[in-house]
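Throughout, protein chains are lettered first and strands after them, A, B, ... in sequence-line order, and every chain is numbered starting at 1.
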Amino acid sequence: MESARLLDALNPAQRDAVTAPDGHYLVLAGAGSGKTRVLTHRIAFLTEVERVPPWGILAVTFTNKAAAEMRGRIETLLARAVRGMMVGTFHGIAHRLLRQHWREAGLPETFQILDADDQQRLVKRTIQGLGLDESRFPPRQATWYINAAKDEGRRPDACDPGYSPVDRAFVDIYRAYEEACRRGGLVDFAELLLRAHELFLTNAPLLEHYRARFRHVLVDEFQDTNTIQYAWVRLLAGDTARAFIVGDDDQSIYGWRGARVENMQRFLADFPGAVTLKLEQNYRSTGHILKAANAIIQRNGGRLGKSLWTDAGDGAPIELFAAHNAEEEARFVVERIRAVIAEGGARADCAILYRSNAQSRLFEEQLIQHDIPYRVYGGLRFFDRAEIKDALAYLRLVASRHDDAAFERAVNTPARGIGERTLDQVRRRARADQTSLWDAACAELAGDALAARAKSALRGFVDLIEALDAGTRDATLAIRFERAIERSGLKAYYEADSKGLAESRVENLDELINVASRFVLTQEDVDAGLTELTAFLAHAALEAGEAEGEAWEDCVQLMTLHSAKGLEFPQVFLVGLEEGLFPNARSVDEPGRLEEERRLAYVGITRARQRLTISWAEARRIHGQEQLCAPSRFLGELPPEVLIEVRPRAGVSRPAAFGRDATAWLAARGLGRGAPADEALPYRLGQQVRHGILGEGVVLAMEGAGAHLRVQVRFAEHGAKWLVAGYAKLEPV
DNA sequence: CGCCGCAGGCTTTTT
DNA sequence: GCCTGCGGCG
């Protein structure tokens, strides 16, 4: 593609970014401002116009989805496949580097990746191994501590626990856990990044090699980088490459897991002559929605500063609904969704966004009641399922006998008579000999500490793994999985499962074989020295697979605000805007955390393209306790002129006893009073009316007032529909 | 070994 | 209110 055509589709600000000359750039890209477009066009521009070879470009993202999309769009732009360009996630790229340079990184060639669940189990075992009390030192918190340290680049020796006995124990656990990982050849997610950083830090020739190779380093979602990711980019690109980073400090919502918004400011300080470019024109949302988003985010301090605008119109006002309780909120939202569908809208156009997963239930119940297909994001992903992880554990042992996490999982699943006592003996032996569980098991088989029965059970397991390895070494991946699932007894075990889950579990195992049969090794995998099995196992750990549910089916989308980042929907329902829930009670005391909640609100609002409906409930059950709720402070931060209050039933005033603050708040904005009970409403509930096209029906509900008055009518032939009274011209019958 | 019952926890989760 | 994980029992 020639450069003119490449730039045609861009606005001036985007074009400036795409064609920016020599130097470092921070592209401050507001929500819906065409960030991915800029990144992909920039890469195409570098390739086509500046003639940078593909292997001179490194493009880093956070999610596999983003990486895949970026690669796809670059290839579309260039109308050819790009070979040798490194496009991937931080973790994927770190993994690749470690595979290629495992010796320099101090890892065994067959190292395996621990996912979050594996890691937690191993930490737990480590705590037990140290003889520590799990209730005093909960594995969850210990894992948290370890990951936080790694995200900051700290090894155990660099941890300063101060005088806190708990923190001291955590450092001990961290140290022991590291040792367990070393024995088992195991690398957790944080470790991938830390090792990749250390690899460059301690290996000058290697660093020079990659510095010479990557002339351009592009990073997406820079506001989400943690300390170690920043350090890695700085080390690799700071002095020799041209860095092009894209991000939005206003959408930084992962501070709680180590992301550092400050990295954007640090970039400007650390990368000499770095220039900030802003993308502020929004192509997604209506003017009213952007006005609300801007008003909210303006309350935050220390922003790099930008303001979204659009040349599209204001659009519909943002609707605000105060429900008496959470059930009513759910009924209302689903009612509105039915109206959207009735008017010919797609279910998939509607998204319900909430602060915490527990909120999904009430909406699901309503959706089920009305037979509306829906999809909840963020459920168990394919490779996270127990039966899949069981099967993978066998193959992990085939690939690496020392993988203790896999050993623990597979050894007695399904039960084969290897009890806790036997296992404890093996674990003690492993600790004493500083070896893997596998080696310890083999040693125990040769010794005489175990009873004959235990020995024969353990022998059976060891022989099984050896047989799976030797017997299928030249077979296809699918056959290797099939054999493992069959011979381990997993298949029979899950077939016999009585809890009604049997069928789906067996189906999942079959699907695993399918996935394995479709898996193809890429050239990059081969270059990094990966075998088919190793590559597949890494793929399973790093790309946990799509969450449940068919994305292509037309269903209502339910997800947390965090999951919604990066997505957009024509109709967004932002629910549960209550103090304590959103902003979350745990975040309101610290200004920094409150600002992150506010950014979450900003993210939520900017997901909406055409219509945004915000709701809150005056009462809801939290942890089983009915609680009265005050409206979220974020509601008070919305500009009144873009809001319209929607009422459950026109003319019926809400009991004043609830929502004191809500009533006061709404009243102060002239929103709370709504229409007095019978202020010139043109229709009555239950009234018979006629519509020019839809025919005769009965008025079910009304909301809004004046020009915004909407009327819900159940038509004899077309069912219930919401109509704007001003347009619909309903005639009384 | 496996099932059942109860206690305790519970914000968000790209990899 | 709901899910997990542990401990006791058969």
Side-chain angles (χ1 to χ4, degrees), chain A residues 60-68 88-95 113-121 124 134-135 138-141 143-144 147 150-151 187-193 196 220-221 223-226 228-229 251-259 326 353-362 365 377-379 381 383-384 386 412-421 457 493 496-499 538-545 547 559-567 576 580-588 593 596-597 599-600 603-604 620-626:
Chain A
V60 195
T61 64
F62 275 83
T63 66
N64 294 300
K65 197 175 150 198
T89 64
F90 274 103
H91 291 84
I93 289 165
H95 171 248
I113 301 169
L114 287 182
D115 68 21
D117 183 59
D118 296 330
Q119 182 190 28
Q120 179 123 324
R121 286 161 185 265
K124 186 176 168 149
E134 277 180 70
S135 59
R140 262 184 79 118
Q141 283 181 37
T143 308
W144 186 271
N147 287 336
K150 289 189 178 190
D151 286 347
V187 175
D188 60 47
F189 288 143
E191 184 76 20
L192 285 170
L193 304 174
D220 192 14
E221 305 273 22
Q223 77 282 354
D224 289 339
T225 52
N226 64 29
I228 202 72
Q229 287 161 332
Q251 291 189 71
S252 164
I253 56 173
Y254 285 107
W256 53 277
R257 32 175 294 177
L353 309 184
Y354 38 78
R355 178 64 179 81
S356 83
N357 285 307
Q359 289 170 258
S360 75
R361 220 191 82 240
L362 293 172
E365 284 171 3
Y377 276 68
R381 286 174 300 187
F383 288 110
D384 288 336
N412 204 33
T413 313
R416 50 173 68 85
I418 302 172
E420 240 355 79
R421 291 183 58 121
Y493 174 72
D497 195 342
S498 52
K499 296 201 197 77
H539 168 81
L542 290 175
E543 306 182 35
M559 69 191 80
T560 63
L561 288 158
H562 283 89
S563 309
K565 199 179 84 165
L567 305 175
L581 187 61
F582 186 27
N584 192 271
R586 300 190 180 212
S587 301
V588 291
R593 304 189 65 181
E596 185 155 305
E597 296 280 319
R599 292 193 289 268
L600 210 41
V603 166
R620 92 167 52 232
R621 280 183 116 79
I622 291 175
H623 306 323
Q625 287 290 308
E626 186 82 5

**Asked** Nearest-Å distance, CD1 (Ile228(A)) to C1' (dT15(B))?
**Response** 15 Å
**Asked** Any idea which of dG2(B), dT14(B), dC2(C) is nearest the Arg361(A) side chain?
**Response** dC2(C)
**Request:** Starting from P on dT14(B), measure out to CD on Gln229(A) and report it in whole angstrom.
**Result:** 14 Å
**Prompt:** Over how many whole Å does the gap from Trp144(A) atom CH2 to dT13(B) atom C1' extend?
**Reply:** 8 Å
**Message:** Any base atoms under 4.0 Å from Ser563(A), or only sugar-phosphate, or nothing? Heavy atoms, all strands.
**Reply:** sugar-phosphate
**Asked** When you check the phosphate oxygens OP1 and OP2 of dT11(B), does a side-chain N or O of Asn357(A) lie under 4.0 Å from one of them?
**Response** no
**Asked** Arg416(A) or Glu597(A): which one's nearest nucleotide on DNA chain B is closer to the 5' end?
**Response** Arg416(A)
**Item:** Under 4.0 angstrom between Ser356(A) side-chain N/O and dC10(B) OP1 or OP2
**Value:** no
**Message:** So, under a plain 3.5 Å distance rule, would you say the side chain of Arg586(A) forms a donor-acceptor pair with the base of dT11(B)?
**Reply:** no
**Item:** Nearest-Å distance once atom P is located in both dT4(C) and dT13(B)
**Value:** 16 Å
**Asked** Is Asp115(A) reaching over with its side chain to a backbone N or O of Ala541(A), donor-acceptor style, under 3.5 angstrom?
**Response** no
**Request:** Determine, answering yes or no, if Tyr254(A) is stacked on dT13(B) under the 5.5 Å centre rule and the 30° plane rule.
**Result:** no
**Gap between atoms CD and C1', on Glu221(A) and dT15(B) respectively (whole Å)** = 14 Å
**Request:** Mind checking Arg593(A) for me? I need base, sugar-phosphate or nothing, with any heavy atom below 4.0 Å counting as a touch.
**Result:** base
**Asked** Which whole-number value in Å describes the distance from Glu134(A) CD to dG8(B) P?
**Response** 15 Å
**Request:** State whether the side chain of Gln119(A) and the backbone N or O of Thr143(A) hold a donor-acceptor pair below 3.5 Å, judged by distance alone.
**Result:** no
**Item:** Length of the line joining Leu561(A):CG and dT12(B):P, which is rounded to integer Å
**Value:** 11 Å
**Message:** Under 4.0 Å, counting only non-hydrogen atoms across every strand here, what does Gly566(A) touch: a base, just sugar-phosphate, or nothing?
**Reply:** nothing
**Item:** Closest non-hydrogen atom pair, Leu581(A) against Gly576(A)
**Value:** CD2-O, 3.6 Å
**Prompt:** With respect to the side chain of Leu542(A), which nucleotide from dC10(B), dT12(B), dT15(B) is positioned closest?
**Reply:** dT15(B)
**Item:** Result of checking Leu600(A), Leu353(A), Asn357(A) against His562(A) for side chain to side chain contact (heavy atoms under 4.5 Å, CB included)
**Value:** Leu600(A)
**Prompt:** Nearest-Å distance, CZ (Arg257(A)) to P (dT13(B))?
**Reply:** 9 Å
**Fill in**
Considering only heavy side-chain atoms of Arg355(A), the closest of dC1(B), dC2(C), dT12(B) is dT12(B)
**Request:** Could you work out which one of dT11(B), dT14(B), dT15(B) sits closest to the side chain of Asn584(A)?
**Result:** dT11(B)
**Asked** Which part of the nucleic acid, if any, lies within reach of Asn147(A) when heavy atoms closer than 4.0 Å are counted: base, sugar-phosphate only, or nothing?
**Response** nothing
**Side-chain heavy-atom pair Tyr354(A), Thr560(A) within 4.5 angstrom cut-off** = yes
**Message:** Using a heavy-atom cut-off of 4.0 Å across all strands, would you classify Gly92(A) as base, sugar-phosphate, or nothing?
**Reply:** nothing
**Complete:** For Arg416(A) and Ala457(A), the nearest pair of non-hydrogen atoms, with its separation, is O-CB, 3.5 Å
**Message:** Rounded to whole Å, how long is the line connecting atom CZ of Phe383(A) with atom P of dT13(B)?
**Reply:** 21 Å
**Candidates dT12(B), dT14(B), dT15(B) - which lies nearest the side chain of His91(A)** = dT15(B)
**Message:** Does Asp224(A) reach a base, just sugar-phosphate, or nothing at all? Heavy atoms under 4.0 Å.
**Reply:** base
